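Worth saying up front: this structure is predicted, and the values here are computed from it rather than measured. The first residue of the sequence shown is numbered 1, and numbering continues consecutively from there. Counting starts at 1 for both ligands and their atoms, in listed order.
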Amino acid sequence: MSIIVEKYGGTSVGSIERIQSVSKNVAKQVRQGYKAVVVVSAMSGETNRLVALAKSMTARPSDREMDTLLSTGEQVTIALFALALQNLEIPAQSFTGFQVPIVTDSVHSRARITNIEVESILAVLNAGKVAVVAGFQGINSTNEITTLGRGGSDTTAVALAAALKAKECRIYTDVDGVYTADPRVVEGASRIPKITYEEMLEMSGSGAKVMQIRAVEFASKYEIPLRVLSSFEPDEGTIITKEEDIMEQPKISGITSVDGEAKVTVRGVPDRPGIAYSILGPISDAHINVDMIVQNIGTDETTDLTFTVNQDDLHTALDVLAPVVRELDAETVVGDKNLAKISVIGVGMRSHAGIATTMFKALAEKGINIQIISTSEIKISVTIDREYRELAVRTLHSAFRLEERGKKE
Ligand code: ADP
Ligand code: ASP
Ligand code: MG
């Protein structure tokens, strides 16, 4: 009997009615003979509400207590979901991360799953019950509660699918698939029927919050067939799979944006070997993810090093760098929060020239100033003033004629 893992996000379990409605969907899979593992998020708005509670207590709450607080959201949903299934006469049992256990490292608020012991879940499935597992939370080796970063229930679902060798992992959400751009920003965005793991990784990593990036990393590593679909009107959705499984590759798959990037610039650093390491080493030791990096050589034997981080990490990054600037005898370190990053993504970029030119021309025509540019094999990203984020996304979506993709398919 095949195992399927179904994940329901916040909006999909946002009320008693929604939980009752989606539990019928799970009941249907069970009646078709599947062994079902359900992974749920907190009810919509709950995680934000809990974050606000902590922030009203203190401006910089400790990560350990934040994890203890935020993990409560999912615990409410697992119990309600199990009750909803039991109401439908489908035996079900809830599991917190600790009860599974889902073992993680100790990096609070962005922990990585290191191991999932599946015996307890398998025992429940073999007893003919549905296992309802709390997303987003885990436990470290010293029994501390950890969380996997915002959107982390996606990762719980994919990691469980890998550990249980599930037939498919379905991510039920409030859109009916992955689109060429966030459908809340671009009205004419088209649903993508199939996308490669690689492109989805780049999309998730550059702002498409429909899938958490670590979930896609897991899916790609273990080749888990992933499907993103609507919990409101389940249809085919979007399949995320290997490149070989996709017949025709468009040049560009999607446009993404991130609001809330911050830029850190260390100015007037004496130009000698080891500078990048001296600056970025302590940043990495503080578990801050660095995205784009640019180094400019000055004329007076000094250099400026600029890099971008999530705006929530800006404070810590500046604190970490204050002593480094003194040690290096650099001029100063400054931060700027008002950035957005816009990316154009597509595996077709490997074989088509001129993508960057089309991108820069379209932005120039709207008078949008580019601050930093970075490229990978299948992605071009720029940072701009955050005020122009939505305009830039819409401009690029039409410059690459992505509205027309939906019409052809
Ligand atoms: P859930 O609570 O189900 O995890 P999320 O809010 O995390 O849902 O993700 C779904 C949202 O992702 C959609 O409502 C949509 O606005 C947003 N989104 C951003 N980019 C994209 C994209 N390229 N395709 C689809 N949805 C996207
Ligand atoms: N509840 C968590 C969040 O809002 C995790 C998730 O929904 O995936 O980020
Ligand atoms: Mg999500």
So which bit of Val210 gets within less than 4.0 Å of ligand 1, heavy atoms only: side chain, backbone, both or neither?
both

Pairs where residues 371-382 contributes a residue and the test salt bridge (Lys or Arg N to Asp or Glu O under 4.0 Å) is met, not counting sequence neighbours:
Glu202-Lys379, Arg350-Glu377

Does some non-hydrogen atom of Gly10 fall short of 4.0 Å from ligand 2?
no

Check: Thr180 N/O within less than 3.5 Å of ligand 1 N/O
no

Per-atom contacts, ligand 2 versus Arg150 - under 4.0 Å to a heavy atom
3 (C), 4 (O), 9 (O)

Under 6.0 Å from the CD atom of Gln32, do we count more than 12 heavy atoms belonging to anything else shown?
yes

Distance-only N or O hit between ligand 1 and Asp154, under 3.5 Å:
no

Atom 16 (O) of ligand 1 has as its nearest protein heavy atom Arg184 NE, 2.6 Å

Quick one: does Ala189 get within less than 4.0 Å of ligand 1, heavy atoms only?
no

Counting from 1, what ligand 1 atoms have a heavy atom of Met203 closer than 4.0 Å?
23 (N)

Asp259 and its salt bridge (Lys or Arg N to Asp or Glu O under 4.0 Å) partner, picked from Lys209, Arg386, Lys337
Arg386

Does Gly151 reach ligand 2, in the sense of a heavy atom lying below 4.0 Å from it?
yes

Leu69 side, atom CG; Arg49 side, atom CZ - distance, nearest 0.5 Å
8.5 Å

I'd like to check which ligand 1 atoms, numbered from 1 as shown, lie under 4.0 Å from a non-hydrogen atom of Asp174.
10 (C), 11 (C), 13 (C), 14 (O)

Which is it for Ile145 and Phe98 under the side chain to side chain contact (heavy atoms under 4.5 Å, CB included) test, yes or no, and what are the steps along the way?
CA-CA 8 Å; Ile145 295 173; Phe98 176 54; over 6 Å; no

Testing the 3.5 Å rule here: is there a donor-acceptor pair between the side chains of Thr147 and His108?
no

How close does the nearest protein non-hydrogen atom get to atom 25 (C) of ligand 1, and which residue and atom is it?
Gly177 O, 3.4 Å

Only heavy atoms of Val178, strictly under 4.0 Å: list the atoms of ligand 1 that pass.
24 (N)

Quick check on Met211 - does any of its heavy atoms sit under 4.0 Å from an atom of ligand 1?
no

As an exercise, identify every atom of ligand 1 less than 4.0 angstrom from a heavy atom of Tyr179.
22 (C), 23 (N), 24 (N), 25 (C)

Numbered atoms of ligand 1 (with element) below 4.0 Å of Ala208, judged on heavy atoms
20 (N)

With nothing but distance in play, are any N or O atoms of Gly149 less than 3.5 Å from an N or O of ligand 2?
no

For Tyr8 and Asn25, what are the C-alpha separation, side-chain angles and deciding distance, and is it a side chain to side chain donor-acceptor pair (under 3.5 Å)?
CA-CA 11 Å; Tyr8 292 91; Asn25 191 33; 2.9 Å; yes

Numbered in order shown, the ligand 2 atoms found under 4.0 Å of a heavy atom of Ser41 are 6 (C), 7 (O), 8 (O)

Take atom CD of Gln371 as the centre, draw a 6.0 Å sphere, and report whether it contains more than 12 heavy atoms from other residues, nucleotides or ligands.
yes

Check for me whether Ala181 has a heavy atom closer than 4.0 Å to any atom of ligand 1.
yes

Tell me: protein heavy atom nearest atom 5 (P) of ligand 1, and distance?
Lys209 CE, 3.9 Å

All pairs passing salt bridge (Lys or Arg N to Asp or Glu O under 4.0 Å) where residues 135-161 contributes a residue, at least two apart
Lys7-Asp154, Arg64-Glu144

Are any of the heavy atoms in Glu74 under 4.0 Å away from ligand 2?
yes

Restricting to heavy atoms, the pick from Asp182, Asp176, Thr173 nearest atom 17 (C) of ligand 1 would be Asp182

Among protein heavy atoms, which lies nearest atom 2 (O) of ligand 1, and at what distance?
Gly10 N, 3.1 Å

Does Ser41 come within less than 4.0 Å of ligand 1, judged by its heavy atoms?
no

Between Glu199 and Ser253, is any side-chain donor less than 3.5 angstrom from a side-chain acceptor?
yes

Side chain to side chain donor-acceptor pair (under 3.5 Å) between Thr155 and Arg112, worked out:
CA-CA 9 Å; Thr155 303; Arg112 281 181 183 270; over 6 Å; no

From the options Asp63, Asp67, Asp313, Asp105, select the one residue that forms a salt bridge (Lys or Arg N to Asp or Glu O under 4.0 Å) with Arg110.
Asp313

Is atom CZ of Phe360 surrounded by more than 12 heavy atoms (other residues, nucleotides or ligands) closer than 6.0 Å?
yes

Lys7 near ligand 1, heavy-atom distance under 4.0 Å?
yes

We want to know whether Thr196 and Glu243 form a side-chain donor-acceptor pair, criterion being a heavy-atom distance below 3.5 angstrom.
no

